Amino acid sequence: MIKISFPDGAQREYAAGTTAYDIAKSISEGLARKVLAAVVNGQVWDLSRPIYEDAQLKLLGWEEKEAKSTFWHSTAHLMAEAIESMFPGVKFWVGPPVDNGFYYDIDLGDRSINEEDLRRLELKMAELAKQNNAFVRKEVPKAEALAYFSDKGDQYKLDLLQNLEDGKITFYTQGEFTDLCRGPHIPHTGLIKAFRLTNIAGAYWKGDEKNKMLTRVYGVSFPSQKELDEYLTLLEEAKKRDHRKLGKELGIYTMDDDVGPGLIMWMPNGTIIIEELEKLAKETEEEAGYHRVVTPHIAKESMYLTSGHLPYYADSMYPPMELEGEKYYLKAMNCPHHHKIFAAEPKSYRDLPYRIAEYGTVYRYEQSGELFGLMRVRCMHMNDAHIYCSKEQFEQEFRAVNDMYLKYFRIFGIDKYVMRLSLHSPEKLGKKYVDEPQLWLETEAMVRQVLIDSGIPYVEVQDEAAFYGPKIDVQIYSVIGREFTLATNQVDFSQGRSFKLQYQTADNQSETPLIIHRAPLGTHERFIGFLLEHYAGKLPVWLAPQQVKILPISDKFLDYAEAVKKQLKAAGVRVTIDDRSEKIGKKIRDTELLKVPYMLVIGEKEVNEGKISVRRQGKGDAGAMPVAEFIQVISREIANRSSSE
RNA sequence: GCCACUUUAGCUCAGCUGGUAGAGCAACUGAUUUGUAAUCAGUAGGUCGUUGGUUCGAUUCCGACAAGUGGCUCCA
């Protein structure tokens with residue numbers, strides 16, 4: 001007999017060799033129907049795998065993350081079975097579960113696969129699922145596994161096998177399909193009731209662009225049709241808040257073939273948002289002791305040789321233009337220009353920390369396949385600043401920058417982000433990273449401490465630092481799930497030296513300053529793209545391109561509407577009148593769709609009482625009030641930069 | 001840059017197997033003067049992304065290019 005302990009502390013005895021499924025069944029039939037996998041002594045196991053020792057056991061239902069992964073992994077096998085039956089001779093690489101489903105990488109030879117094939121594959125999968133084929137686990141000696149895949153001529157699985165230890169190799173078979181697989185899997189294919197193959201993509205073998213490109217098929221599956229439908233509805237909803245869709249609907253930005261890919265033209269509405277953000281940044285930076293500067297969009301080759309960006313970064317820069325025998329580059333970063341401003345006048349320790357800020361325009365020749373709406377572009381306006389300071393001032397300055405981030409995030413109600421602390425790898429000192437082992441360790445410890453003190457959750461990643469120092473990136477996700485760095489805060493103990501930046505210390509020594517690169521509001525492009533999705537287009541009043549729309553019931557009331565408009569304009573409110581001869585219902589509908597935060601309805605009653613009827617976007621009629629009172633309300637909301645009313 | 005797909009009116013989208021295109025909304029004109037998410041009627045609007053080819057004939061089939069979309073790689 002073996003002793004099984006459950007998460008609630010209960011213990012039961014079972015015969016050795018019993019399975020998690022048997023145990024579930026012994027508790028209740030209902031549980032046995034719902035359970036998908038089990039955690040046995042901390043490892044996720046197949047339900048059908050016999051247990052021979054005393055064990056901690058947790059049964060996993062669909063709600064558990066590991067169960068979902070197992071379920072999706074099994075669906076990947078089901079899909080592979082369908083693919084192999086429809087396209088005999090294809091070779092499989094790996095088919096893991098991901099955050100929202102699964103994929104399988106396949107070498108289709110000289111074939112290709114299209115949307116129609118996906119629909120046919122789904123039918124085939126449905127057919128195979130109905131056979132209720134068990135996922136059968138088999139431990140195989142390495143020699144046998146090698147022989148099996150040599151016979152198949154499957155170089156991919158042979159490659160996988162090379163790194164596997166003899167004695168730990170398992171095959172899983174369901175129906176006609178056998179795969180090298182660590183497992184675990186759900187009991188049988190019949191549990192996969194609903195699925196959708198979502199898209200086809202290319203993926204380099206082992207993620208290396210020098211390797212062959214395999215075909216990756218993505219899909220998602222659920223234990224019932226209802227859950228699949230809910231998931232698809234969720235996707236539809238997400239699409240509605242996609243910044244590319246909202247950007248068009250709300251007249252925020254446009255792009256044009258004649259201008260070029262990744263080059264954003266901000267329309268009047270978008271420009272208002274930009275100006276409000278800059279106003280916020282300028283106020284905040286003024287208060288924090290920054291000086292504003294303005295620098296040109298181009299610079300000579302020599303500067304980028306000094307900075308080390310050339311030739312290393314040349315691929316990401318627009319090619320140079322030649323004038324009078326000199327090469328000029330569009331700037332891909334503002335730091336070198338700022339360093340030159342630092343160097344323009346002799347500095348003393350009394351001048352530090354020296355903080356200079358600019359909404360700098362930079363151009364990056366991003367790979368065409370990487371461009372993405374506002375989020376990844378080739379011309380961007382960066383909320384850039386550089387802080388030059390002594391080693392002693394460094395921590396305080398870094399902290400202040402971090403606090404500035406948090407202040408911004410509070411204003412915008414940004415709470416779904418991941419702070420990522422990017423560290424160096426000691427073995428790459430002198431290659432990928434400047435060779436200053438002691439400085440690295442000190443600054444990394446300092447940066448980590450700042451994060452800990454601020455109480456923000458963060459993740460540490462090795463080998464992701466900039467070549468000149470560690471950094472903190474703020475990672476966010478677009479509605480379609482793509483990850484982006486929204487903001488960045490970087491430590492630099494290298495460029496000061498490259499640019500021979502110096503200041504005189506109190507004891508009259510020349511010292512090189514340390515530098516902080518920071519961009520809490522990232523770039524206008526990415527930040528506004530993010531905000532549109534974050535607010536689903538319903539920008540807070542202070543950011544809304546149009547804050548108030550006056551809706552007269554009929555054009556008899558236009559004079560009064562004009563008078564109200566004049567008062568609001570005088571109070572600095574962005575206001576327009578809908579003077580079309582439409583019914584009020586129509587005017588409201590159109591204004592709602594444009595997501596204008598306030599609508600003021602004016603009819604006979606309002607004119608007589610000297611009032612306006614306020615309607616809040618998305619919330620309906622809010623009652624009548626005198627114009628002066630409304631001006632007070634909205635002015636306060638704007639001044640406070642309130643996220644909601 | 002790589003793989004796949006897409007590109008028809010300002011927008012959203014129809015258009016069977018090749019015979020030069022249609023709807024709704026928007027726009028414009030007129031009527032209507034309206035009370036909290038779509039008033040009615042009429043008019044105008046397209047070299048079917050660009051460019052080669054096949055064909056008597058191409059929006060439709062094939063190729064190239066461009067842009068976009070989903071991924072991959074990249075994002076100092």
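None of these values were measured; they are calculated from a predicted model. Each chain gets a letter, A, B and so on, in the order the sequences are listed, and its residues count up from 1.
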Mind checking if [X] touches a base, just sugar-phosphate, or nothing, with heavy atoms under 4.0 Å?
X: A:Asp257; result: sugar-phosphate
X: A:Tyr218; result: sugar-phosphate
X: A:Ala201; result: base
X: A:Glu249; result: nothing
X: A:Ile584; result: sugar-phosphate
X: A:Lys587; result: nothing
X: A:Phe372; result: sugar-phosphate
X: A:Asp555; result: base

Residue among A:Leu118, A:Asn199, A:Ile200 satisfying side chain to side chain contact (heavy atoms under 4.5 Å, CB included) with A:Tyr218: A:Asn199
Among A:Lys245, A:Arg244, A:Met375, the one residue meeting side chain to side chain contact (heavy atoms under 4.5 Å, CB included) with A:Glu533: A:Met375
Gap in Å between the two [atom1] atoms, one belonging to [N] and one to [M], rounded:
N: B:rA14; M: B:rC48; atom1: C1'; value: 13 Å
N: B:rU12; M: B:rU55; atom1: C1'; value: 34 Å
N: B:rA23; M: B:rG19; atom1: C1'; value: 23 Å
N: B:rG53; M: B:rG68; atom1: P; value: 28 Å
N: B:rG15; M: B:rU8; atom1: C1'; value: 9 Å
N: B:rU32; M: B:rA37; atom1: P; value: 25 Å
N: B:rG10; M: B:rC28; atom1: C1'; value: 13 Å
N: B:rC11; M: B:rU69; atom1: P; value: 15 Å

Note: A:Arg615-A:Glu592 ion pair, threshold 4.0 Å (strictly below): yes
Salt bridge flag under 4.0 Å for residues A:Asp154 and A:Lys91: no
Under-4.0 Å side-chain N/O to phosphate OP1/OP2 contact, [X] with [N]:
X: A:Arg482; N: B:rG71; result: yes
X: A:Ser316; N: B:rA76; result: no
X: A:Arg580; N: B:rU32; result: no
X: A:Arg216; N: B:rA4; result: no

Taking only residues two or more places apart in sequence or in another chain, which ones pass salt bridge (charged side-chain N to carboxylate O under 4.0 Å, His left out) with [X]?
X: A:Arg580; value: A:Asp578, A:Asp590
X: A:Arg518; value: A:Glu285
X: A:Lys68; value: none
X: A:Glu562; value: none

Polar pair under 3.5 Å, donor/acceptor by atom type, side chain A:Glu606, base B:rG35: yes
Side-chain donor/acceptor of A:Arg364 to base of B:rC74, under 3.5 Å: no
Whole-Å gap separating [atom2] ([N]) and [atom1] ([X]):
X: A:Ile588; N: B:rU34; atom1: CD1; atom2: P; answer: 15 Å
X: A:Lys556; N: B:rU33; atom1: NZ; atom2: P; answer: 8 Å
X: A:Met380; N: B:rA76; atom1: CE; atom2: P; answer: 12 Å
X: A:Tyr313; N: B:rC74; atom1: OH; atom2: C1'; answer: 10 Å
X: A:Tyr103; N: B:rC72; atom1: OH; atom2: P; answer: 8 Å
X: A:Leu263; N: B:rA66; atom1: CG; atom2: C1'; answer: 14 Å
X: A:Asp256; N: B:rA67; atom1: CG; atom2: P; answer: 12 Å
X: A:Arg376; N: B:rG1; atom1: CZ; atom2: P; answer: 14 Å

Using a cut-off of under 3.5 Å, enumerate the N/O to N/O pairs linking the protein to nucleotides 11-17 of chain B.
none

Under 3.5 Å: donor-acceptor pair, side chain of A:Arg616, backbone of A:Pro597: yes
Cation-pi, A:Phe372 ring and A:Arg482 (6.0 angstrom, 45 degrees): yes
Row check, A:Tyr365 ring normal vs A:Arg378 NZ/CZ: under 6.0 Å, within 45°: yes
Residues touching RNA chain B, which here means a heavy atom under 4.0 Å, drawn from residues 204-215 of chain A: A:Tyr204, A:Gly207, A:Glu209, A:Met213
Greater than 12 external heavy atoms within 6.0 Å of A:Glu604's CD: no
Qualifying side-chain hydrogen bond (donor to acceptor under 3.5 Å, both in side chains) pairs, either residue in residues 200-211 of chain A, two or more places apart: A:Asp159-A:Lys206
Sequence-aligned protein contact record of nucleotides 39-48 of chain B, with B where the base is within under 4.0 Å of a protein heavy atom and S where only the sugar-phosphate is: B---------
Ring pair (Phe, Tyr, Trp, His ring centres under 6.0 Å) partners for A:His338, two or more places apart: A:His386
All ring pair (Phe, Tyr, Trp, His ring centres under 6.0 Å) counterparts of A:Phe493, not counting sequence neighbours: A:Trp440
Separation between CG of A:Leu228 and CZ of A:Phe222, rounded to the nearest 0.5 Å: 6.0 Å
Watson-Crick or G-U pairs under 3.5 Å in RNA chain B, rendered as dot-bracket with [ ] for crossing pairs and | for another strand: (((((((..((((.....[..)))).(((((.......))))).....(((((..]....))))))))))))....
For A:Lys157, side chain to side chain donor-acceptor pair (under 3.5 Å) partners two or more places apart: A:Tyr104, A:Asp179
